[in-house]
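Chain A is the first sequence line, chain B the second, and so forth, proteins listed ahead of strands; every chain is numbered from 1. No hydrogens, no waters, no symmetry mates; every other heavy atom, side chains included, goes into these values.
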Protein chains: 2
Amino acid sequence: MDAKMTFSAQLRMVVDNGSLENCPVRQVMQGIFGKWSTLLLLALAEKPYRFGELRRLVPDISQRMLTQTLRDLERDGYVYREVYPTKPPSVEYGLTELGYSMLKPLTGLVEWASGNFEAVKEARDKFDRAG
Amino acid sequence: MDAKMTFSAQLRMVVDNGSLENCPVRQVMQGIFGKWSTLLLLALAEKPYRFGELRRLVPDISQRMLTQTLRDLERDGYVYREVYPTKPPSVEYGLTELGYSMLKPLTGLVEWASGNFEAVKEARDKFDRAG
DNA sequence: ACCGATAGTTACGTGAAAGGAACCGCCATG
DNA sequence: CATGGCGGTTCCTTTCACGTAACTATCGGT
């Protein structure tokens with residue numbers, strides 16, 4: 001659906017629907033732009049992981065933020081959570097179809113960022129020097 | 001450059017480079033994910049606008065946030081700012097080449113969000129009902 | 001009896017981001 | 001002479017995302 005939209009059509013999607021607070025695009029994007037969301041989605045894109053594996057894979061994340069971010073991603077339907085009744089119980093996280101589908105445009109952005117951060121860095125330095 | 005990257009290669013881009021604080025991908029993405037950034041970039045994609053025109057186009061933004069967001073986008077090289085010595089002086093904002101280049105992957109995400117917010121909404125409702 | 005690993009939850013604190021309101025200089029118009 | 005539009009800046013407050021630390025429960029091993 002909506003295969004190609006003009007910029008102004010997209011703008012209207014973002015800006016309309018009454019107040020901006022209720023804007024559907026904003027509501028979806030906010031769930032993706034958390035500090036750890038992209039990182040975890042990329043990790044899970046490779047293969048499903050268990051909670052502890054994710055902790056070791058992303059050492060800077062706290063236990064609390066890992067739980068919370070995974071819950072948020074699960075709530076939005078990007079990630080599934082499966083509990084195996086082993087002892088001690090193990091919990092597997094992985095991407096849903098919706099998650100994979102969303103990851104495609106998201107990785108487009110990640111690739112752009114990793115390919116262009118030099119240009120952005122230069123722009124920043126130039127701007128700051130012009131001060 | 002980096003035409004195709006595996007997920008794990010992307011993950012390494014995000015997670016490596018020593019501490020996450022210095023991660024280049026994160027540094028670039030944070031400049032894009034502000035509350036008003038996407039909205040303004042989409043607006044400027046249509047055509048250059050003056051400060052006051054942008055205010056009227058995005059009525060919910062405060063003067064302060066409009067100035068600040070435009071400055072941030074200018075600093076990162078996505079937006080140019082041109083002052084015309086009319087009276088009173090008028091200031092035009094528009095996308096740079098870098099801005100247009102970044103907007104392509106970004107609109108991919110916006111299109112995904114506008115096409116799939118129903119699915120996300122359903123996932124949220126289902127999750128919340130399951131309690 | 002105690003320690004570590006599993007996968008969390010709860011309470012509390014903090015800094016960055018965002019919002020609100022007022023103020024600024026300049027000029028043109030009524 | 002003062003009012004309004006232009007393009008901001010400054011100060012103050014609030015909100016929220018994120019962080020730290022401690023606590024939970026169950027089981028296996030030593």
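- Rounded to whole angstrom, the span from the CG atom of B/L54 across to the C1' atom of D/dG7 amounts to 12 Å.
- Contact annotation: side chain of B/Q68 to base of C/dA17, donor-acceptor pair absent below 3.5 Å.
- If you take CD of B/Q63 and P of D/dG7, they are 10 Å apart, rounded to a whole angstrom.
- Listed candidates were D/dC6, C/dT9, C/dA18. Nearest to the side chain of A/R71 is C/dT9.
- A/F51 has its CZ atom 18 Å from the P atom of D/dT24, to the nearest Å.
- For A/Y80, there are no ring pair (Phe, Tyr, Trp, His ring centres under 6.0 Å) partners two or more places apart in sequence or in a different chain.
- Non-hydrogen atoms lying under 4.0 Å from DNA chain D are contributed by B/R81, B/P88, B/P89, all within residues 78-89 of chain B.
- Residues passing the side-chain contact (heavy atoms from CB on, under 4.5 Å) test with B/Y100, sequence neighbours excluded: B/L95.
- For B/G52 and A/T69, each mapped to the nucleotide of DNA chain D holding its nearest heavy atom, the one lying further toward the 5' end belongs to B/G52.
- Rounded to whole angstrom, the span from the CE atom of B/M65 across to the P atom of D/dT9 amounts to 13 Å.
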Write down the protein N/O and nucleotide N/O pairs, taken from nucleotides 10-14 of chain D, whose separation is under 3.5 Å; answer none if there are no such pairs.
none

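- Taking atom CD1 of residue A/I61 and atom C1' of nucleotide D/dG19, one finds them 11 Å apart after rounding to whole Å.
- Between the CD atom of A/E92 and the C1' atom of C/dA7 there is a distance of 15 Å, rounded to whole Å.
- Heavy atoms of A/F33 sit nowhere under 4.0 angstrom from any nucleic acid atom.
- Without hydrogens or angle criteria, B/T69 side chain to B/L66 main chain gives no donor-acceptor distance under 3.5 Å.
- Distances shorter than 4.0 Å separate none of the side-chain N or O atoms of A/R56 from OP1 or OP2 on C/dA7.
- Applying the side-chain hydrogen bond (donor to acceptor under 3.5 Å, both in side chains) criterion to A/R50, with sequence neighbours excluded, gives no partner residue.
- Side-chain N/O atoms of A/Q30 and A/R26 include no donor and acceptor closer than 3.5 Å.
- Between the side chain of B/T96 and the backbone N or O of B/G77, at least one donor-acceptor pair lies under 3.5 Å.
- Residue A/S90 is in sugar-phosphate contact alone, with no base atom involved, counting any heavy-atom pair closer than 4.0 Å across all strands shown.
- Which of D/dG19, C/dG8, D/dG8 sits closest to the side chain of B/T67 comes down to D/dG8.
- The side-chain contact (heavy atoms from CB on, under 4.5 Å) test applied to B/V91 returns B/R81, B/V83, B/Y93, not counting sequence neighbours.
- No donor-acceptor pair under 3.5 Å is formed between the side chain of B/S37 and the backbone N or O of B/F33.
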